[in-house]
Amino acid sequence: MAQINHPKASPFSEVEQEVGLSKITVKYSRPATKGRKIFGGLVPFGRIWRVGANESTKIKVDSDMKVIGNTLPKGTYALYAFPEKEFWQVVFHTNTEHWGDGRKNYNPKEDLFRISVMPQELPYHQENFLITFDSITHNTANMKLIWANTMATVPFEVDTHDQMKKEIVKQLAENPTAQTYYEAARYLQEQGVDYTIALDYLNKALELGGDTYYSHRVKSLVEEKLGDYGSAVKSAEKSLKIADSLGKDEFVRMNQKNIDAWKQLVKQK
């Protein structure tokens with residue numbers, strides 16, 4: 001029998017979020033409030049909820065992560081919740097074959113783990129259920145479940161620094177270019193770690209690739225952190241000169257600001 005393809009009341013959506021070198025992907029449907037009371041009404045307190053509509057919501061992580069101290073191994077999971085007025089239990093469930101919330105087929109023994117989060121009342125109305133990410137760093141991201149005037153936040157952590165250390169070792173062992181050394185150094189500088197190693201990488205980058213405003217810029221920031229303000233000034237001056245010749249006004253201003261500050265520190269020594 002032929003079926004008419006019609007628009008869904010709760011349209012499908014997919015959100016992907018990079019966290020450092022990792023990625024979180026959520027596939028879900030977005031029901032609307034349509035004037036209804038949602039939590040404690042359409043979604044009863046204490047009852048399993050599929051965190052959306054239609055099929056169960058699926059969440060995929062492409063590397064191992066942590067969620068409030070719980071290990072979330074690389075893989076795909078069904079995401080459920082048990083909302084209460086004062087707190088929610090959010091469930092990462094290993095059985096992804098159930099339709100919706102699984103009804104009588106849902107088995108708590110197949111939960112990977114549950115976490116408790118405190119719902120927050122919002123000063124605005126969210127008509128369609130929304131899953132989004134915020135407070136994103138190289139190592140963390142908050143997944144926000146938002147509907148009506150309620151938001152629950154699920155924090156994720158990933159050890160990007162460990163991944164980056166392995167990636168740097170791998171890339172430097174193969175056929176490193178000036179850009180390879182620069183990117184490795186810039187990462188260490190941004191993370192505020194291993195400044196001596198970063199300086200060595202930058203010297204390699206300059207040796208292989210010649211003078212660039214960005215390599216001298218990062219070199220100046222690393223030398224400043226190592227307390228070598230005189231060298232930091234010289235590197236910043238080189239960066240400023242090259243940036244000025246290329247019309248990179250922003251780098252001219254940033255370097256000049258640092259030069260003025262670091263010259264004062266040189267005088268104080």
Side-chain angles (χ1 to χ4, degrees), residues 16-25 61-66 74 133-141 156-269:
E16 291 186 348
Q17 182 59 58
E18 291 184 350
V19 186
L21 298 177
S22 304
K23 184 165 66 175
I24 305 171
T25 305
V61 292
D62 67 358
S63 64
D64 293 355
M65 298 192 181
K66 293 279 189 181
K74 173 182 176 180
F133 290 87
D134 198 6
S135 303
I136 303 157
T137 70
H138 289 327
N139 304 292
T140 61
F156 289 78
E157 296 179 37
V158 60
D159 192 347
T160 299
H161 188 55
D162 184 62
Q163 294 176 353
M164 274 300 297
K165 285 193 294 184
K166 293 175 182 176
E167 179 69 12
I168 288 171
V169 168
K170 177 186 174 185
Q171 294 300 326
L172 294 183
E174 292 179 354
N175 189 21
T177 64
Q179 190 68 14
T180 311
Y181 282 109
Y182 166 73
E183 289 177 353
R186 184 181 64 176
Y187 170 75
L188 295 176
Q189 180 266 321
E190 288 176 344
Q191 292 299 105
V193 297
D194 299 331
Y195 290 119
T196 301
I197 296 173
L199 184 59
D200 182 55
Y201 289 164
L202 288 161
N203 287 330
K204 283 283 190 180
L206 291 164
E207 178 186 336
L208 290 173
D211 292 328
T212 62
Y213 70 90
Y214 48 85
S215 287
H216 281 300
R217 167 68 180 167
V218 176
K219 187 168 184 274
S220 73
L221 297 174
V222 169
E223 288 166 335
E224 183 264 337
K225 289 298 183 182
L226 289 170
D228 189 354
Y229 303 117
S231 294
V233 168
K234 291 178 182 178
S235 294
E237 288 174 339
K238 290 178 182 178
S239 177
L240 186 154
K241 183 177 180 180
I242 299 169
D244 189 38
S245 71
L246 296 173
K248 302 288 185 180
D249 293 346
E250 182 182 358
F251 281 87
V252 171
R253 293 193 299 271
M254 289 191 297
N255 279 306
Q256 189 60 62
K257 182 178 180 181
N258 288 141
I259 290 167
D260 294 342
W262 295 337
K263 280 184 174 180
Q264 293 300 316
L265 293 173
V266 170
K267 291 179 181 179
Q268 294 173 15
K269 279 197 168 185

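Scope of the values below: all heavy atoms of this structure, side chains included, with no hydrogens, waters or symmetry mates.
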Atom pair [atom1]/[atom2] of [X] and [Y] - distance to nearest 0.5 Å:
X      : Y      : atom1 : atom2 : result
Tyr187 : Ile168 : OH    : CD1   : 7.0 Å
Asp249 : Asp244 : CG    : CG    : 7.5 Å
Leu172 : Thr177 : CG    : OG1   : 9.5 Å
Glu167 : Lys170 : CD    : NZ    : 5.5 Å
Leu202 : Tyr214 : CG    : OH    : 11.5 Å
His138 : Gln191 : NE2   : CD    : 4.5 Å

Mind listing the closest non-hydrogen atom pair of [X] and [Y] along with its distance?
X      : Y      : result
Ala205 : Tyr182 : CB-N, 3.9 Å
Val158 : Asp64  : CG2-O, 3.7 Å
Val233 : Trp262 : CG2-CB, 3.6 Å

message: Would you say CZ of Phe133 has more than 12 non-hydrogen atoms from neighbouring residues, nucleotides or ligands within 6.0 angstrom?
response: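 Count over threshold, so yes.
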
message: Are there over 12 heavy-atom neighbours, none belonging to Glu18, within less than 6.0 Å of that residue's CD?
response: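 No.
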
message: What I want to find out is whether Glu223 reaches Lys219 closely enough, with some N-O distance under 4.0 Å, to be called a salt bridge.
response: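 A salt bridge links Glu223 with Lys219.
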
Is a donor on one side and an acceptor on the other found under 3.5 Å between the side chain of [X] and the backbone of [Y]?
X      : Y      : value
Asp62  : Lys23  : yes
Asp159 : Asp162 : yes
Ser220 : Ala232 : no

- prompt: Using a distance-only test with no angle check, is there a side-chain donor-acceptor pair under 3.5 angstrom linking His161 and Asn139?
  reply: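 There is no such pair (donor and acceptor under 3.5 Å, judged by atom type) between the side chains of His161 and Asn139.
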
